[in-house]
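Just so we're clear, the structure is a prediction, and the values are computed from it rather than from any experiment.
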Amino acid sequence: MSYLKTLPDGVEVTVRATPRGGRDALDGVVALSDGREVLKIRVKVAPEDGAATAAVARVLAQAAGVAASQVRLTSGATARVKTFRISGDAAALVAALTQAVSAPAGKARK
């Protein structure tokens, strides 16, 4: 199962968040023990009062090339594995996220 699911009005992305990860970055796609694929995202902030979830949403928005207001948490508010919905053109979002994930480390998408 892919970490990306296309929807009529955007995409749904399953991520594994790593708070206090030292930097804000995408760390690629990995498979969980149950076989699900997730996009690993690390953020600098601690998981307090939703700050880490908000930071993950910002990293995801930047990777997708959209405004942060287009990224909405749909499940996993207090869990490491979270699901976000990104509004917009699904094909463009999939292309942007795929490119951001495959970019070499340190080469953030602008």
Residue pair T53 / F84, side-chain heavy-atom distance below 4.5 Å: yes
Evaluation steps, side-chain contact (heavy atoms from CB on, under 4.5 Å), between T74 and R72: CA-CA 6 Å; T74 57; R72 182 173 53 92; 3.9 Å; yes
Main-chain N/O of T83 paired to T14 side chain as donor or acceptor, under 3.5 Å: no
Could you tabulate the donor-acceptor pairs under 3.5 Å formed by side-chain atoms of residues 5-12, not counting sequence neighbours?
none

Distance-only donor-acceptor check, side chains K82 and S75, under 3.5 Å: no
Heavy atoms of other groups near D49 CG, more than 12 under 6.0 Å: no
Contact check, side chains of L39 and V101, non-hydrogen atoms, under 4.5 Å: yes
Over all atoms of both residues, closest heavy-atom pair of V45 and A52: CG2-CA, 3.5 Å
K40 side, atom NZ; L32 side, atom CG - distance, nearest 0.5 Å: 10.0 Å
Closest non-hydrogen atom pair between V81 and R36, with its separation: CG1-NH1, 4.1 Å
Pair up each side-chain donor or acceptor in residues 15-22 with any protein partner under 3.5 Å, not counting sequence neighbours, and list the distances.
none

Note, L4 side chain near L97 side chain (heavy atom, < 4.5 Å): yes
Closest approach of A96 to A64 (non-hydrogen atoms, all atoms of both residues): CB-O, 3.5 Å
Main-chain N/O of Q99 paired to S102 side chain as donor or acceptor, under 3.5 Å: yes
Gap between atom CG of L26 and atom CD of Q62 - 0.5 Å precision: 8.5 Å
Student check: side-chain heavy atoms of I86 and V13 closer than 4.5 Å: yes
